[in-house]
Asker: 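Right, I'll just put the structure down here and ask away after.
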2 protein chains.
Amino acid sequence: MTIPDPATRSSSGYSAWRLITEELRGEISDSRLRPGDRLPTERSIAERYGVNRHTARQAIAALAEDGLIESRRGSGTFITGESVLVHRIGLRTRMVRSLGDEESARSSGRVLDSAIEAAPEEVARRLGLTDGEVVRIESTRSAGDQPISVGTHWFAADRLPDIADSLRRTGSITAALRAHGIDDYLRASTVVGARHATATEAELLAIRPGAIVLVAEALDTLPDGTPLQYLVTRFAAQRVRLDIEPPHAD
Amino acid sequence: MTIPDPATRSSSGYSAWRLITEELRGEISDSRLRPGDRLPTERSIAERYGVNRHTARQAIAALAEDGLIESRRGSGTFITGESVLVHRIGLRTRMVRSLGDEESARSSGRVLDSAIEAAPEEVARRLGLTDGEVVRIESTRSAGDQPISVGTHWFAADRLPDIADSLRRTGSITAALRAHGIDDYLRASTVVGARHATATEAELLAIRPGAIVLVAEALDTLPDGTPLQYLVTRFAAQRVRLDIEPPHAD
DNA sequence: TGTGATTTGTTCGTATGTATA
DNA sequence: TTATACATACGAACAAATCAC
């Protein structure tokens, strides 16, 4: 491929860097460039297409945001070959299950931070609180050494004032709730969206700032329907798919 | 906010443009900048933070990719105030339902293209075909004048050879299947991911190239479990949330 | 071990094109 | 027509991380 003149390009509606992006994307999906392979250097790509290094960089950046490649300063840019985890969203399933296999056993959660504070409006509405305080917990979950998700959990503070400590001890919501006499809870609703990661999220998830996160906003209730936990979980989209458990046919 | 010296920044790990991005993002989510408002010009942002216009542009570009803002050449950059549609994924619900409301009535599908061809491996596996041909249909769905999703549908060609024509006539999968004597079908599985849009998808969905699409990969079956339709739907993430119908408690 | 070369990351400067007001 | 504002692209410089010798 050669980059056309600016005059030709302007009529076609494609800029040089977009053409280069598509070209490189093709080489990756055709497996001409395979996971672990090193991409040519910015300079050589720039020379190959007869453009400035900035232009080549912009093309490369677009691929990096898709998680197709990963740049390492001083070293080079490499084709990523990350395995995809499938996280099941269901009535009772809260596990991370690997497509490949036995990784699930090594899935582990960790509490980053917790606080008791006034309930934000949205949270109060979801938890059915007219007014009052909530326990907010920030957590992460990893499978093996790969971070999978970061989550923010809210519980009514009057019902479960020290849920954070239990969670810190057990490393699992289910176990922490059991310690408070709650043996079962159900997923009442889940809404999924996607956006770019914030700087903090990117750091916690070990992805590039600007990479995509899947955002799942969910409400867990007791079997009788009482709201228990409102949570917002952000998954690294390049590593995770959400598997929606089908509703049971009546 | 002031951008610290490069020396100070290098220890903090944040570049100037990232700091500006976060700052602007905060102003938008705090509603200090509201939908329809105009962002300060690149030049004034650059001056405000004492950086080069390129640096300001890089910060602004990150917000544009999130769909938070929209740049119009010659005019300015504006805060987008797109309404969010909630698309319900459930056992039988296939409608697009607006948060606001009455938009749902104006939801309409359109067939872009169809062909009968050999089943790709993945599709054959999902549809339970050992070998054979499939009908592939490319479609779009809009609510009002806003494109919501583009979808690729696959049906076994021996079962429903002219499903494409029926779909073209009726504009609805449900109606098209009814015309072929199929009165009911169920969602058997859904897997959701997210990635950046391709150039084609961006054009069809009226989003910026590089904006995010939610990708839902699903299998519909007859009530007896026979695979009926395998489909991959791409939603404009900046306009759509997927609402997962909770499984019924036994 | 250390030193220089390589490679990516960030920033500034400048120029030109294109769309809009 | 003119001015404004965003889009793309080139050139230069330096920083930071890594690698090869």
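Below, chains carry the letters A, B, ... as their sequence lines are ordered, and counting in each starts from 1.
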Asker: Distance check needed: D:dC6 P versus B:Leu63 CG, whole Å only.
Answerer: 13 Å
Asker: Starting at atom CZ of B:Phe78, determine the distance to atom C1' of D:dT4, rounded to an integer number of angstrom.
Answerer: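 The answer, rounded to whole Å, is 12 Å.
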Asker: Please report the distance, rounded to the nearest Å, between CG in B:Leu19 and P in C:dG9.
Answerer: 18 Å
Asker: How many Å lie between CZ on A:Arg73 and C1' on C:dT10, as a whole number?
Answerer: 8 Å
Asker: Kindly say if A:Thr55 contacts the phosphate of D:dC10, meaning a side-chain N or O under 4.0 Å from OP1 or OP2.
Answerer: yes
Asker: For B:Val51 versus B:Ala56, what's the shortest heavy-atom pair and its separation?
Answerer: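 The answer is CG2-N, 4.1 Å.
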Asker: Do the side-chain N or O atoms of A:Ser71 get closer than 4.0 angstrom to the phosphate oxygens (OP1, OP2) of C:dT7?
Answerer: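 So the side-chain polar atoms of A:Ser71 never come under 4.0 Å of the phosphate oxygens OP1 or OP2 of C:dT7.
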Asker: Kindly point out which of C:dT8, C:dT11, D:dC6 is positioned nearest to the side chain of A:Thr41?
Answerer: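 That would be C:dT8.
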Asker: Phosphate oxygens OP1/OP2 of C:dG13: is one of them under 4.0 Å from a side-chain N or O of B:Asn52?
Answerer: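 Answer yes for this pair, as a side-chain N or O of B:Asn52 is under 4.0 Å from OP1 or OP2.
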Asker: For C:dT8, does either OP1 or OP2 sit under 4.0 Å from a side-chain N or O belonging to A:Thr77?
Answerer: yes
Asker: What is the distance, rounded to the nearest whole Å, between atom CZ of A:Arg18 and atom P of D:dT8?
Answerer: 6 Å
Asker: With nearest nucleotides of DNA chain D determined for B:His54 and B:Leu39 from heavy-atom distances, which residue corresponds to the more 5′ nucleotide?
Answerer: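 Going by which nucleotide is closer to the 5' end, it is B:Leu39.
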Asker: When you compare the side chains of A:Arg38 and A:Ser75, does any donor N or O come within less than 3.5 Å of an acceptor on the partner?
Answerer: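 No - no donor-acceptor pair under 3.5 Å links their side chains.
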Asker: Could you give the distance from NE2 (B:His196) to CD (B:Glu201), rounded to the nearest 0.5 Å?
Answerer: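 If we round to the nearest 0.5 Å, B:His196:NE2 and B:Glu201:CD are 12.0 Å apart.
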Asker: Figure out the CD/P separation between A:Glu42 and C:dT7, and round it to whole Å.
Answerer: 10 Å
Asker: Indicate whether OP1 or OP2 belonging to D:dA9 is found under 4.0 Å from a side-chain N or O atom of A:Arg53.
Answerer: no
Asker: How large an angle, rounded to 10°, do the end axes of the helix from C:dG2-D:dC21 to C:dA21-D:dT2 enclose when each is built from five base pairs?
Answerer: 10°
Asker: Figure out the CD1/P separation between A:Ile60 and C:dG9, and round it to whole Å.
Answerer: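 To the nearest whole Å, that distance equals 9 Å.
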Asker: Rounded off to whole Å, could you give me the CZ-to-P distance for the A:Arg43 and C:dG9 pair?
Answerer: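 From A:Arg43 CZ to C:dG9 P: 16 Å.
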Asker: Given D:dA7, is OP1 or OP2 found less than 4.0 Å from the side-chain N or O atoms of A:Ser15?
Answerer: no
Asker: Donor-acceptor pair, A:Arg110 side chain versus A:Ser142 backbone, under 3.5 Å?
Answerer: no
Asker: Under 4.0 Å between a side-chain N/O of B:Arg57 and OP1 or OP2 of D:dA5, yes or no?
Answerer: no
Asker: Is it true that A:Arg141 and A:Thr233 share a donor-acceptor pair across their side chains at a distance under 3.5 Å?
Answerer: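 No.
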Asker: Please examine the side chains of B:Leu24 and B:Ile69, heavy atoms only from C-beta on, and report whether any two atoms are closer than 4.5 Å.
Answerer: no
Asker: Tell me if the CD atom of B:Glu117 is crowded by more than 12 foreign heavy atoms within 6.0 Å.
Answerer: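 Yes.
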